[in-house]
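The next block holds one structure in the form of structure tokens; read it before the comments.
Just so it is clear, the model here is predicted, and its values are computed rather than measured. Side chains are part of it too, since the values below use all heavy atoms of this structure and drop only hydrogens, waters and symmetry mates. Atoms within a ligand are numbered from 1 in the order they appear, just like the ligands themselves.
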Amino acid sequence: MSGSPECIFCEIVSGQSEASIVFRDELVTVFMDIHPVNPGHLLVVPNQHASGIDDVPEAVCARMFIIGRRMARALRRSGLRCEGVNLYLADGEAAGQDVFHSHLHVIPRFRGNPGSFHLKVDFSAAASREDLDVQAEAIRSSLDSAGAGSRV
Ligand code: AMP
Ligand code: ZN
């Protein structure tokens with residue numbers, strides 16, 4: 001794995017920074033977003049640093065989406081409130097990207113949610129590590145054991 005200095009997602013992937021990890025394989029890591037739009041908000045990131053989606057190898061892009069889909073399924077089974085899911089990727093500053101290590105958001109949605117959401121950190125409060133760990137465990141235990149499994 002190659003990391004980039006001072007990249008928070010590289011630090012999380014390498015274990016240098018705290019995170020509530022839901023899934024990890026040789027290509028991607030999934031962890032809880034620290035400023036969730038809704039409880040259960042996940043990020044799927046490539047293990048190897050790449051700032052924009054164009055820098056991510058195609059096979060890793062495919063893996064991000066495959067795992068994002070699997071996370072959406074797990075969210076629906078997790079007991080967390082989830083009637084629908086947004087898969088969202090901001091590529092570039094003008095598109096709202098804040099962390100320049102490409103990532104796919106997997107966001108549980110439910111009726112009564114506002115019709116739009118903001119992903120800027122100043123629009124939502126930080127969640128507690130305790131809450132994030134509990135939610136991560138609920139989603140992890142709802143993952144299929146088939147396929148790539150639920151390795152962390
Ligand atoms: P974007 O605006 O698409 O670049 O999204 C960046 C996301 O990273 C935001 O939703 C932040 O809440 C999230 N984020 C930033 N730092 C951390 C962290 N240390 N752990 C988990 N999520 C983070
Ligand atoms: Zn990085």
**OP:** Let me see the working for L104 and L43 under side chain to side chain contact (heavy atoms under 4.5 Å, CB included), right down to the final yes or no.
**Re:** CA-CA 6 Å; L104 178 66; L43 299 173; over 6 Å; no
Subject >> Element-labelled atoms of ligand 1 that are located less than 4.0 Å from some non-hydrogen atom of H105 >> reply: 1 (P), 3 (O), 5 (O), 7 (C), 10 (O)
Original post:
How many degrees, to 10°, between C7 SG and C10 SG as seen from the Zn ion (ligand 2)?
Top reply: 120°
Subject >> Heavy-atom donor-acceptor pair, T29 side chain to D25 backbone, under 3.5 Å >> reply: no
**OP:** Examine ligand 1 and decide if any of its atoms is less than 4.0 Å from a heavy atom belonging to E18.
**Re:** no
Original post:
Got an N/O contact under 3.5 Å between A90 and ligand 1?
Top reply: no
Original post:
In terms of ring plane angle, is the pair F9 and H103 parallel, tilted or perpendicular, where the classes change at 30° and 60°?
Top reply: perpendicular
**OP:** Could you check which of L43, I12, I34 puts a non-hydrogen atom nearest to atom 17 (C) of ligand 1?
**Re:** I34
Subject >> Main-chain N/O of H35 paired with D33 side-chain donor or acceptor, under 3.5 Å >> reply: yes
Original post:
Is V134 reachable from L80 through a run of I, L, V, M, F, W or Y residues, each pair having side-chain heavy atoms under 4.5 Å apart?
Top reply: no
Original post:
Are F9 and ligand 1 in contact, using a heavy-atom cut-off of under 4.0 Å?
Top reply: yes
Original post:
With hydrophobic residues grouped by side-chain heavy-atom distances under 4.5 Å, do L27 and I66 end up in a single group?
Top reply: no
**OP:** Show which atoms of ligand 1 fall inside a sub-4.0 Å distance from at least one heavy-atom site of M32.
**Re:** 21 (C)
**OP:** Could you tell me whether the side chains of E130 and S128 share a donor-acceptor contact shorter than 3.5 Å?
**Re:** no
Original post:
Does Q97 reach ligand 1 with a nitrogen or oxygen that is under 3.5 Å from one of the ligand's nitrogen or oxygen atoms?
Top reply: no
Original post:
For ligand 1, which atoms, with element, lie under 4.0 Å from some heavy atom of I8?
Top reply: 19 (N)
**OP:** Have a look at the Zn ion (ligand 2) and estimate, to 10 degrees, the angle subtended by ND1 (H49) and ND1 (H101).
**Re:** 110°
Original post:
Which of the numbered atoms in ligand 1 are below 4.0 angstrom from a heavy atom of D33?
Top reply: 7 (C), 8 (O), 9 (C), 10 (O), 11 (C), 12 (O), 13 (C), 22 (N)
**OP:** Output the list of atoms in ligand 1 that are nearer than 4.0 Å to some heavy atom of D98, sorted by atom number.
**Re:** 1 (P), 2 (O), 4 (O)
Subject >> salt_bridge(R129, E18) N-O dist < 4.0 Å >> reply: yes
Original post:
For ligand 1, is G96 a contact, meaning one of its heavy atoms is under 4.0 Å away?
Top reply: yes
Original post:
Between H41 and ligand 1, is there a nitrogen or oxygen pair with a distance under 3.5 Å?
Top reply: no
Original post:
Does CD belonging to Q16 count more than 12 external heavy atoms closer than 6.0 Å?
Top reply: yes
